[in-house]
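All heavy atoms count here, side chains included; hydrogens, waters and symmetry mates do not. Note on naming: letters A, B, ... go to the chains in the order of the sequence lines (proteins, then strands), and numbering restarts at 1 for each one.
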2 protein chains.
Amino acid sequence: MLVAKHQNTLDNAVKANHERTFFAQYPEHPKAYGEEAPTRGEENFKAMLNRPFTALKQHVVESWVGEEVSPYTQAPLGITYPSIAVPELIKSATHAAETWANVPVAERASILTETLDRIQHHFFEIAHATMHTAGQSYMMSFQASGPHANDRALEAIAMGYSELQRYPQEQAWEKPMGKFSIKLHKTFKAIPKGIGLVIGCSTFPVWNSLPGMYADLITGNPVIVKPHPKAVLPIAIVVSVIQEVLEENGYSPYICQLAADSSANLITKELAENPAISLIDYTGGSAFGNYVESIPGKTVFTEKAGVNSVILDSVKDIDAVMQNLAFSVCLYSGQMCTAPQNFFIPESGIDTPNGKVSFSEVAQKLKDAITGIVTNPKMGAGTLGAVQNETTLQRVKDATQLGAKVVLEGSHVNNDEFANARTTSPVVLEVTSADEHIFERELFGPIVLLIKTKDTNHSVQLAKQMARQHGAITCAAYTTDEATKAKIEKEMNSVFAPVSFNLTGFIWVNQHAAFSDFHVTGGNPAGNASFTNQEFILKRFVWVGNRTLVDA
Amino acid sequence: MLVAKHQNTLDNAVKANHERTFFAQYPEHPKAYGEEAPTRGEENFKAMLNRPFTALKQHVVESWVGEEVSPYTQAPLGITYPSIAVPELIKSATHAAETWANVPVAERASILTETLDRIQHHFFEIAHATMHTAGQSYMMSFQASGPHANDRALEAIAMGYSELQRYPQEQAWEKPMGKFSIKLHKTFKAIPKGIGLVIGCSTFPVWNSLPGMYADLITGNPVIVKPHPKAVLPIAIVVSVIQEVLEENGYSPYICQLAADSSANLITKELAENPAISLIDYTGGSAFGNYVESIPGKTVFTEKAGVNSVILDSVKDIDAVMQNLAFSVCLYSGQMCTAPQNFFIPESGIDTPNGKVSFSEVAQKLKDAITGIVTNPKMGAGTLGAVQNETTLQRVKDATQLGAKVVLEGSHVNNDEFANARTTSPVVLEVTSADEHIFERELFGPIVLLIKTKDTNHSVQLAKQMARQHGAITCAAYTTDEATKAKIEKEMNSVFAPVSFNLTGFIWVNQHAAFSDFHVTGGNPAGNASFTNQEFILKRFVWVGNRTLVDA
């Protein structure tokens, strides 16, 4: 029944995956979900506060843990989650694995798509949960943890649905040998690799976890979701809904488990190093990511830190460009892995139809555009959201001590709705190309570096070097010259960094659309995996072919 | 022109890759290549002896090296190959890389298919070269280094041709935003990872190297081929032909280079660790294979050692089964990575339509079948071929000292054509399931262990354990019971070992057919890669998507 229900959705998603056209199964506009949904979502969220989270169908609980604090109110959420010992998590996953592995792929795909349809009824409570853990704005929380995450999950389901049916389940093989022939009956099986572990981060607790979770699940592997202890609720809701749908359809809820822990007693390494864990998806800092990649015998998918560049050469409308980039910088206070950090600008300035705009004019225009956004009461707080943690806020404060010329200081931005919101406007610094020690690392948060270069060739050379050595998930470039465009594309692509050209208006370099944009290429130090290319799916199972002689 | 010439071949190969049906572009019967080809091939081979191999288009040669000795005559081939310093090889490959990367995939595929068509005119000289380096029989040398290797290469080309066209080169993306829409022009590029290194082995110098070479080449990477210093000639001929075709079509011959070295001065590690090498394909022992897999920053494809099992439960015709297995054991003196080693036999014997055949009767029948083959003047020498090196021969001699009961001793087998051929018949040993220290490792060469187990469940358990811990490329199983068949398949597949059931007659477990059988699954310690699944291709390049705003 579920197979028939979701066949059309799956077919559309497979087609979009191939064609890379615009496709969205889950509308990004909140209004699409009915008038009452936002209020009901907020109420549901509030009802979860200050009590144990009991919606999970996991038993054998050792204790209850919870330490989430809202970046908007500075108040603890007061929610506790079941803490389950690692051996118990592994035992339950192992037990659930065999049945799940044997579910036909069409059935698996339809159950998983059903979970997404069910999750959409929780988009608004997930939005509030994301706001008050990650610090994203309400709108971003809704879109990123709701429809956009669901679309990324559907993308992974569709890729798996397609790849698992790549070869025939059985085939008659007949080799002519002259007067007779040899006949074999062959079967081709996609054997799941084992138990998956998905390690979440505190800034995108749903968006960054769903692709790995659904990639594990569609390929027949049970999954254990280990959220960041400061951002559990958004993904806990998702896991509870997945468990509900699994159970309703006669499957073990332990196919998808939540493994909450506490900062004082992290279980990530114990889980990751457990021999039963075959697959690990990780989002977070590079040091831990490199450790995860180095664990022997694991198939690992990472998204780590990167240094994203903006290459400014020539523009049609300097103000539209600065407005676009200022928004990219302000959006969620630069806490997106796709946010630009290093702006490479020639010392002679940028070409425009009205002549050169000097380096200092560009700096002034960016400063003005940022200030315009953050001081606009209708835009500032909603664009910036909140800073997820104190370390990031401190980094912004410390940035003025890096030895660079301070173009714009970060300062508190008032949030009318939440007086205690942890906010800061972006800090903008000016450095020279010799200040590599400053710009050669990710300065996570709303920190922008304007780097004076000899010319655009020099800008490209530095941006390329950064991407190769330190990784890059995005690169924004502005040029009106076709040859320069081709050169930038070629050079940045050679270090496996994608380039977005001349974005202005309502599209930003930060955005990667499901079904069309590969998120992270997997080719440079920013991460070894990509949402969602074929490798993201294929590495989770093994094709095994069996042969049986057919008697003559 | 070449594109049109080979379009049909490529389309057929892509189709066969998907459908896994029988397909062979290059006939395996020598007669298909014309009456004069064998003689001309032998003459060509003889003309190459005792002189420098000058057919390669590589210059800047430092010195000439060569140490090949025929396992059939014990005489040196006397051929020397150019020795080129690693930095020079890297420099030439780097220089050649950019042009090759920019060749459209259809053009690349057609040039590479053309090289295969050209190589087929050299099948017979390659056959003699393989005989007198690897020690394979004439027929196996012809088939494995000729048509079968070419088909594996075409399989890789076809997989690449297909995968590189998986996404559109460009796409219009339009996101509706209510009253307006956002339009992006997107391009999707498959960027080659870098320079490939293919490390060959002494037993299958062509068959095991061609898939990696052609996988690198079709995905736009230049390749450096590092043969085993004792088995250079077969692949040197192949490389020279590839270079010839490249040059004829206006491309640098340095896109595919030969990196010959000497046992006294191996350059494998220097090459493998060079930062410019991104991709490594390796066939050989596990120790060096594990080292290659551990080099940071490389994409590595390995085929290492494994312990292949035979599970004997019940049979329709015990003599036909023993005949088949005896041949599998004798074929190329057990020097195939697919050759069976561990025969698990219940202590109560094997079920047949005529009642139980006891363990010792099974042992006797296998012994008789092997003796029948090796002492048959029309079969023995031609099936066994020659033992490639002294170490393998010594291992066979030492096997009787392992502490096992000797069922059949290995002994010299006369070769009428080559009086000095290094030969031995297989040694057959009997052990108990407690003798794990004997059967838990690959005993490379014609060494068979008959392992007495409690019952078939016990046999399966041990075979599974061997595959999981030590790797397995094949498993042969014999059972007439459907439930037992299902159990064997499930258990062995769970450790990513494929199973061949009930093979008798002219089909052997050793054989893996291009376009249908995945060779090595990549899922157990026998190797991390598979000829040719999608990962074998996809890991060699990175999808990068670029976006450009389309003005409203």
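Highest contact tally toward chain A, considering only B:M177, B:H185, B:K539, B:K193, is held by B:K539 [criterion: heavy-atom pairs under 4.5 Å]. In terms of heavy-atom pairs under 4.5 Å with chain A, the best-connected choice from B:I182, B:N528, B:N17, B:N502 is B:I182. The most heavy-atom pairs under 4.5 Å with chain A, out of B:L503, B:N493, B:I507, B:T521, come from B:N493. Of the residues considered (A:T299, A:N533, A:D517), A:D517 shows the highest number of contacts with chain B, using heavy-atom pairs under 4.5 Å. Among B:V542, B:V509, B:T504, the residue with the largest count of heavy-atom pairs under 4.5 Å with chain A is B:V542. Heavy-atom pairs under 4.5 Å with chain B peak, among A:E535, A:M492, A:Q534, at A:Q534. Chosen from B:T21, B:T187, B:N546, B:L549, the residue pairing most often with chain A at heavy-atom distances under 4.5 Å is B:N546. Contact count against chain B (heavy-atom pairs under 4.5 Å) is highest for A:Y167 among A:F23, A:F501, A:Y167.
Taking the six-membered ring wherever Trp is involved, the centroid distance between the rings of A:F531 and A:F518 does not fall below 6.0 Å. In this structure, A:F22 has its ring center at least 6.0 angstrom away from the ring center of A:F515.
There is no contact between A:A101 and chain B, counting heavy-atom distances below 4.5 Å. Proximity to chain A involves both the backbone and the side chain of B:L538, based on heavy atoms less than 4.5 angstrom apart. Neither the backbone nor the side chain of B:K183 comes within contact range of chain A, judged by heavy atoms closer than 4.5 Å. For chain A, no part of B:E293 is nearby; none of its heavy atoms comes within less than 4.5 Å. Contacts of B:P296 with chain A are absent, with no heavy-atom separation under 4.5 Å from either backbone or side chain. With a threshold of 4.5 angstrom between heavy atoms, B:K186 approaches chain A through side-chain atoms but not through N, CA, C or O. B:H512 touches chain A through backbone and side chain together, each having a heavy atom under 4.5 Å away. Proximity to chain A is limited to the backbone of B:E174, based on heavy atoms less than 4.5 angstrom apart. Looking at B:K485, only its side chain comes within 4.5 Å of chain A, counting heavy atoms on both sides. There is no contact between B:A24 and chain A, counting heavy-atom distances below 4.5 Å.
Here A:E98 pairs with B:K490 in a salt bridge; the nearest charged N to carboxylate O distance falls below 4.0 Å. The residues B:K189 and B:E170 are annotated as not salt-bridged, no charged nitrogen and carboxylate oxygen being separated by less than 4.0 angstrom. Comment: A:K316 engages B:D551 in a salt bridge, judged by a side-chain N to carboxylate O separation of less than 4.0 angstrom. A salt bridge does not link B:K487 to B:E482: none of the charged nitrogens lies less than 4.0 Å from a carboxylate oxygen. A salt bridge links B:E163 with A:R166: the distance from a Lys NZ or Arg NE/NH1/NH2 to an Asp or Glu carboxylate oxygen falls below 4.0 Å.
Aromatic ring orientation, B:F506 versus A:F180: tilted (interplanar angle from 30° to 60°).
Side-chain atoms of B:Y478 and B:T480, non-hydrogen and from C-beta on, never get closer than 4.5 Å to each other. Proximity of A:L279 to A:F301: side-chain heavy atoms (C-beta onward) are separated by under 4.5 Å at one or more points.
Within the cation-pi definition used here (under 6.0 Å to the ring centroid, within 45° of the axis), A:R468 does not qualify as a partner of A:F496.
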